[in-house]
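Proteins come first, then strands; the chains are lettered A, B, ... in the order of their sequence lines, and each starts at number 1. Quick note: numbers below take in every heavy atom, side chains included, and nothing from hydrogens, waters or symmetry partners.
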There are 2 protein chains.
Amino acid sequence: MKEKKLTRSELKRAAIVEAASVEFQNKGFSLASMDDIAKRADVSKRTVYNHFPSKEALFSAIMLEMMEMLCAFESLPFRADESLASQLTQLVQHEIQLLSAKGFIDTARVIIAEAIHKPELIQDAMSEFSKQESPLANWFNQAIAAGALKAKDSEILVVQFTAVIKAYCFWPQLIQGEPLPSQAKLDEITQTVVEMIIKQYT
Amino acid sequence: MKEKKLTRSELKRAAIVEAASVEFQNKGFSLASMDDIAKRADVSKRTVYNHFPSKEALFSAIMLEMMEMLCAFESLPFRADESLASQLTQLVQHEIQLLSAKGFIDTARVIIAEAIHKPELIQDAMSEFSKQESPLANWFNQAIAAGALKAKDSEILVVQFTAVIKAYCFWPQLIQGEPLPSQAKLDEITQTVVEMIIKQYT
DNA sequence: TGTAAACTACACTAACTAGTTTACATCTGG
DNA sequence: CCAGATGTAAACTAGTTAGTGTAGTTTACA
């Protein structure tokens, strides 16, 4: 354990990881080249291969690093003493915040771009990714159990809830590179989603 | 105009188009190779170049062919003499039918795979693609104008309506290659969407 | 100042790419 | 049955790729 600063080697490694994630994001796994990654990292190609034995290994390392970045999904518990509207509003905002977190969309883009052409290679990444939704399922399950929402199970509720949010704050950004909607639009979306759940399930 | 059967040339051309669309679907534009396309079509590479001057031209020709296949969106008019529930049910079924049409998902996959890495090259294809939704907007606009639905405008309604359907019948199929839900599940989805619109907007 | 680890540039292999050329074969209409 | 259109294989250009090997240089540190 060297508490010093950062060894030269660590600096180089970080530069490689940074450059590689840009290249993979721009071009996808197959079209990104090790030469370009080395060039962008301002490092010799040999150094890249000293840190990572192959392109595959570099890609996996980056995927892992990206996935870890996203493990910050705290579960909001259902509270009987707070209004549904208020709690749902918080849930929507929480979800939007997650989707707009720096790196989330970029990570999702890399994963999905690869998934389109070889679904099997990233099953685990996809399942990790969809864990994002489990705290939501928890909240809805608790709300149903408490009788605050009337539904057989939470599955369709969670899908319905996230589908509308993603239609505005995920898919267009992922595929067309659109910016997030304005705050006014976000407020409108939030209100619509909250209203949708309350009117349909109480 | 030869009304005969199909000239040899036409047969070869069809084989090339068929093979190329498989290759483009599997690997995307850049990774699909003309050699592999020729091999799959059981045709010499020179013949491919006799029919299409370049890889780009072959790709465009296929895109065009695919897009034309999708121009079957008839507009259902709003009818004051029929129940909302019945009409909405028809709309959902119409939408699901469109999404499950042979080729729709495959076409969307090719377009979106390219869009992820170079959004500008296929703006027109994307806009063509989203025209799919305009008859829906028409119906909702008419329903609002007739006072059958209470909303400022149809925009958020259309998004909400399609978002839930796509969450079940488009995105999972496009990205993870999942099959369409069972008929029972489709019925449940239909019912949920119809209920959602009626409870929130009447 | 010496040493070892890490980095460097650069050349190289073997494979793949889009697209062209050549010389030959085969099908089709009249 | 033959002329002309069309298709064929295979070699070729010129470029890119992942990955390796080498010989020399920089850095950290004692």
(request) For nucleotides 18-23 of chain C, just jot down a letter per nucleotide in 5' to 3' order: B, S or -, based on protein non-hydrogen atoms under 4.0 Å. (result) BBBB--
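- Considering only residues two or more places apart in sequence or on other chains, A:Thr190 meets the side chain to side chain donor-acceptor pair (under 3.5 Å) condition with none of them.
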Identify the pairs formed between an N or O of the protein and an N or O of nucleotides 3-7 of chain D at a distance under 3.5 Å, and give each distance.
residue, atom, partner, partner atom, Å
D:dG7, OP1, B:His51, NE2, 3.3

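- Atom-to-atom, CG of A:Asp42 to P of C:dT8 comes out at 8 Å; the value is rounded to the nearest Å.
- Applying the side chain to side chain donor-acceptor pair (under 3.5 Å) rule to A:Glu65 yields no partners; only residues at least two apart in sequence or on another chain are considered.
- For the side chain to side chain donor-acceptor pair (under 3.5 Å) test, no residue two or more places apart in sequence or in another chain qualifies with A:Asp153.
- Between the B:Glu114 side chain and the B:Phe29 main chain, a donor and an acceptor come within less than 3.5 Å of each other.
- Stretches of at least 3 consecutive Watson-Crick or G-U wobble pairs, with each checked distance under 3.5 Å, appear in DNA chain D as C:1-30 with D:1-30.
- Partners of A:Arg13 by salt bridge (charged side-chain N to carboxylate O under 4.0 Å, His left out), not counting sequence neighbours: none found.
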Name the atoms and distances for all side-chain donor-acceptor pairs under 3.5 Å in residues 18-26 of chain A, with sequence neighbours left out.
residue, atom, partner, partner atom, Å
A:Ser21, OG, A:Val17, O, 3.2
A:Ser21, OG, A:Glu18, O, 3.2
A:Glu23, OE1, A:Lys27, NZ, 2.8
A:Glu23, OE2, A:Arg40, NE, 2.7
A:Glu23, OE2, A:Arg40, NH2, 3.1

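- With sequence neighbours excluded, the residues forming a side-chain contact (heavy atoms from CB on, under 4.5 Å) with A:Ala151 are A:Ile144, A:Leu157, A:Tyr201, listed by chain and number.
- Partners of B:Arg79 by salt bridge (charged side-chain N to carboxylate O under 4.0 Å, His left out), not counting sequence neighbours, listed by chain and number: B:Asp81, B:Glu82.
- Screening residues 169-184 of chain B for side chain to side chain donor-acceptor pair (under 3.5 Å) gives B:Gln183-B:Asp187 as the qualifying pairs, with residues at least two apart or on separate chains.
- With sequence neighbours excluded, the residues satisfying side chain to side chain donor-acceptor pair (under 3.5 Å) with A:Lys166 are A:Glu133.
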